Structures are given as C-alpha cells and as structure tokens.
Novice: 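My questions all concern the structure below.
What you see is a predicted model; the values in this text were computed from it and never measured.
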Amino acid sequence: MKITNQLLTTLALFTCICVSTQAQNFLPGFNGFSKKKTSYLHMNNEEITKGNLKKLKYEKGLIEEVKIRDLNDKKVKIKPADIAFMYLPPSGLAKLANFQDFITDADQWNNDKLDQSLFKSGYAYFEKSKVRVKKKTRTLMVQLVNPSFCEKIKVFKDPYSKETASIGIGPLKAGGIAKSYYVKKGDEVAIRLKKKHYDEEFKMFFGDCPALIEKYGAKPKWSEFAKHIYEYTKECN
C-alpha cells in the first residue's frame, strides 16, 4: 500500500495536535453504535445488564430509552432513570468517521471510577444526568468527553453540534472542534453551551476562580474550552 506525502503530512500534523493537547483535550464522541458487541448497563441497584444493543430512542439527539437483547435472548427496554451509567461499543463506521479515536492517548481516560479495560477496547461512556432541553428538564443518558478532569465540571457531547473547519483527507481529519456541548457544573442541570455565547457564559462557569478570570476572562477562546476546564479542575478551589 502506497502512502502519499500528503497523507504522511496529515498524519504527522494530526499527531502533533493530539500530543500537544494530550491532557487538555476532549475525547471524541460517537453517533453510531455496534449491535454485535456487548453493551454494559450499570443499573441503579448496582446490577449490570449485558446484551447486544437493538435500538436507541432519542430526545433532541440525547438518549431517552435503550433497547437491548440480553444474555437470555430477551428484548428489554430500559429508561435512563433506571440506569446509573453505561458503556456502549461504537460501530466500525463511527470509529472511522472520527480518526481521533485511533490517536487519542488512553491516559485521557485516567479515572479510577471508570472501567479502563473497556475504554482501551474503544467503548464510549454514558451517564445519567438531568439535562435542560429548551425549556424542559429531562433525565437522559449523555456521553462524557472529559473523564480525566470532570471532578467539577462535566462536558457531554452534543449530538447536534456542528464543527469548526478541519484539515485532512476523507475521514482522516484533524483540527475540527464541536461548536456546542452540554455542560454540567457540580450537581446542577446540564445546559447547552454554544461557541457563539462563550464570552457571555465564561464568567458563569469560572467566576468562582479569580485567577482563571484574570488569565482568560478578557477574551476567552472557544478553542481553549477544554484547557479552561482542565486548569479550573486542577488549580481552583
């Protein structure tokens, strides 16, 4: 197989981008999930329901019902209210569409509360959260993208988010970042944060950390959103 100079340049540039932001980057989110690999649903009663995913039902792009075929070959419908968290295996096409999945360092999943073996196998992690969807507050399953620095602020994938411009060839692209996320501070309801409103919302999320406000508050960059949360988590009380 011949590798063109253009592809080598793209791969090298992509690797540099990932390495330079290794500890301060959001993990990729996925929209498609495998129906052949085992899914793991950790229930509120601490039982684990295993099975093959049949269907996901959505509310504004966020999961409001999970249908699986369990190990007894029984079809089961489960609501987020009954699930604490879950691990779903992305489909092959979903992985291919997000090349960062091949590069991302496993250390970004460094969280003792999460299953490291499943992450190394490429699984996505979802947890139950109250989410404000327009004017309604719903209990839904949302995909966490900052597991290694989520102690104070959790960032969830927004399935409807568009991305900034990226570079690359076909599915091998780098540099594009989401223009919106669902963000949850402490025990508050997760709300949708958009790139175009970041200047206005910055002080709301980080106002209790004067050092961060002084450092970035004058003109916060959306491209550094993950960095802001990382520093807030590690350096602010």
Novice: Please give me the minimum heavy-atom distance between Ser148 and Lys234, naming the atom from each residue.
Specialist: O-NZ, 3.9 Å
Novice: Drop me the distance from Lys195's NZ to Lys162's NZ, to the nearest 0.5 angstrom.
Specialist: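 Going from NZ on Lys195 over to NZ on Lys162, the span is 12.5 Å.
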Novice: Does the ring centre of Phe126 sit less than 6.0 Å away from the ring centre of Phe156?
Specialist: no
Novice: With side chains defined as the heavy atoms from C-beta onward, is the minimum distance between Leu193 and Tyr181 less than 4.5 Å?
Specialist: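 SC-SC contact between Leu193 and Tyr181 ruled out.
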Novice: Check whether any side-chain heavy atom of Pro90 sits under 4.5 Å from a side-chain heavy atom of Ser34, and report yes or no.
Specialist: no
Novice: Is there a side-chain contact between Thr38 and Pro89 in this structure, where contact means two heavy atoms from C-beta onward sitting under 4.5 Å apart?
Specialist: no
Novice: Please test Val66 against Lys77 for side chain to side chain contact (heavy atoms under 4.5 Å, CB included), starting from the C-alpha separation and ending with a verdict.
Specialist: CA-CA 6 Å; Val66 182; Lys77 295 181 181 180; over 6 Å; no
Novice: Do Ser161 side-chain atoms and Lys157 backbone N/O form a donor-acceptor pair below 3.5 Å?
Specialist: no
Novice: State the CG-OG distance between Asn31 and Ser91, to the nearest 0.5 angstrom.
Specialist: 9.0 Å
Novice: Flag the pair Ile213 / Lys203 as yes when at least one side-chain heavy-atom distance between them is below 4.5 Å, and no otherwise.
Specialist: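 Yes, at least one pair of side-chain atoms sits under 4.5 Å.
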Novice: Residues two or more places apart in sequence or in another chain: which of them pass side chain to side chain contact (heavy atoms under 4.5 Å, CB included) with Lys74?
Specialist: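 Asp70, Val76.
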Novice: Applying side chain to side chain contact (heavy atoms under 4.5 Å, CB included), run through Lys130 and Arg138 and close with a yes or a no.
Specialist: CA-CA 5 Å; Lys130 289 185 177 180; Arg138 303 288 304 275; over 6 Å; no
Novice: Determine whether a donor-acceptor pair (N or O, by modelled atom type, separation under 3.5 Å) exists between the side chain of Lys35 and the backbone of Lys54.
Specialist: yes
Novice: So, for Tyr232 and Phe205, is the gap between ring centers shorter than 6.0 Å?
Specialist: no
Novice: What about the rings of Tyr198 and Phe225, do their centers lie closer together than 6.0 Å?
Specialist: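 Yes: the rings meet the under 6.0 Å criterion.
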Novice: Determine, step by step, whether Asp208 and Lys185 satisfy the salt bridge (Lys or Arg N to Asp or Glu O under 4.0 Å) criterion, reporting the C-alpha distance in whole Å, the side-chain angles of both residues, the deciding distance to 0.1 Å, and the verdict.
Specialist: CA-CA 12 Å; Asp208 55 350; Lys185 185 172 182 179; 3.3 Å; yes
Novice: Taking the side chain as every heavy atom from C-beta outward, state whether Glu127 and Met86 have any pair of such atoms under 4.5 Å apart.
Specialist: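 Answer no - side chains too far apart.
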Novice: Does any non-hydrogen side-chain atom of Thr137 lie less than 4.5 Å from one of Val131?
Specialist: no
Novice: How many angstroms lie between atom CD1 of Ile229 and atom CZ of Phe26, to the nearest 0.5 angstrom?
Specialist: 4.0 Å
Novice: Test of understanding: clusters of I, L, V, M, F, W, Y form through side-chain heavy atoms closer than 4.5 Å, transitively. Do Ile191 and Tyr160 belong to the same one?
Specialist: no
Novice: Judged by atom type as modelled, is there a donor-acceptor pair below 3.5 Å linking the side chain of Asp158 to the main-chain atoms of Tyr182?
Specialist: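 No; zero donor-acceptor contacts below 3.5 Å.
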Novice: Less than 4.0 angstrom from a charged side-chain N to a carboxylate O is my criterion; do Glu65 and Lys55 meet it?
Specialist: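 Between Lys55 and Glu65 there is no salt bridge, as every charged N stays at least 4.0 Å from the carboxylate O atoms.
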Novice: Salt bridge or not between Lys215 and Glu231? Use side-chain N to carboxylate O under 4.0 Å.
Specialist: yes
Novice: Going from CD1 on Ile68 to OG on Ser39, what distance comes out if it is rounded to the nearest 0.5 angstrom?
Specialist: 7.0 Å
Novice: Can you sort out the partners of Asn44 under side-chain hydrogen bond (donor to acceptor under 3.5 Å, both in side chains), two or more places apart, ordered by chain and number?
Specialist: Lys128
Novice: Can you list the steps and then say if Tyr40 with Tyr87 is a ring pair (Phe, Tyr, Trp, His ring centres under 6.0 Å)?
Specialist: CA-CA 5 Å; Tyr40 300 85; Tyr87 300 88; 7.2 Å; no
Novice: Applying side chain to side chain contact (heavy atoms under 4.5 Å, CB included) to Tyr216 and His228, what does each step give before you reach the verdict?
Specialist: CA-CA 8 Å; Tyr216 300 110; His228 298 157; 3.6 Å; yes
Novice: Using a 3.5 Å distance criterion without hydrogens, assess whether the side chain of Trp222 forms a donor-acceptor pair with backbone atoms of Ala178.
Specialist: yes
Novice: Could you check Leu41 against Ile48 for side chain to side chain contact (heavy atoms under 4.5 Å, CB included), going step by step and ending with a plain yes or no?
Specialist: CA-CA 6 Å; Leu41 281 61; Ile48 302 176; over 6 Å; no
Novice: Under 4.5 Å between side-chain heavy atoms, hopping through other hydrophobics if needed: is there a path connecting Phe85 to Val189?
Specialist: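 No, because Phe85 and Val189 fall into different hydrophobic clusters, even though each may have its own neighbours under 4.5 Å.
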Novice: Between Leu88 and Phe30, is there a side-chain heavy-atom distance shorter than 4.5 Å?
Specialist: no
Novice: Can you name the residues that form a disulfide bond (SG atoms under 2.5 Å apart) with Cys209, not counting sequence neighbours?
Specialist: Cys236
Novice: So do Lys57 and Lys67 actually touch side chain to side chain, heavy atoms under 4.5 Å?
Specialist: no
Novice: Check whether Asn52 reaches the backbone of Lys36 with its side chain - one donor and one acceptor, N or O, closer than 3.5 Å.
Specialist: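 Side chain of Asn52 to backbone of Lys36: a pair is present.
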Novice: Give me the atom names and distance for the closest heavy-atom approach of Thr139 to Pro80.
Specialist: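 Shortest heavy-atom contact: O-CB, 3.7 Å.
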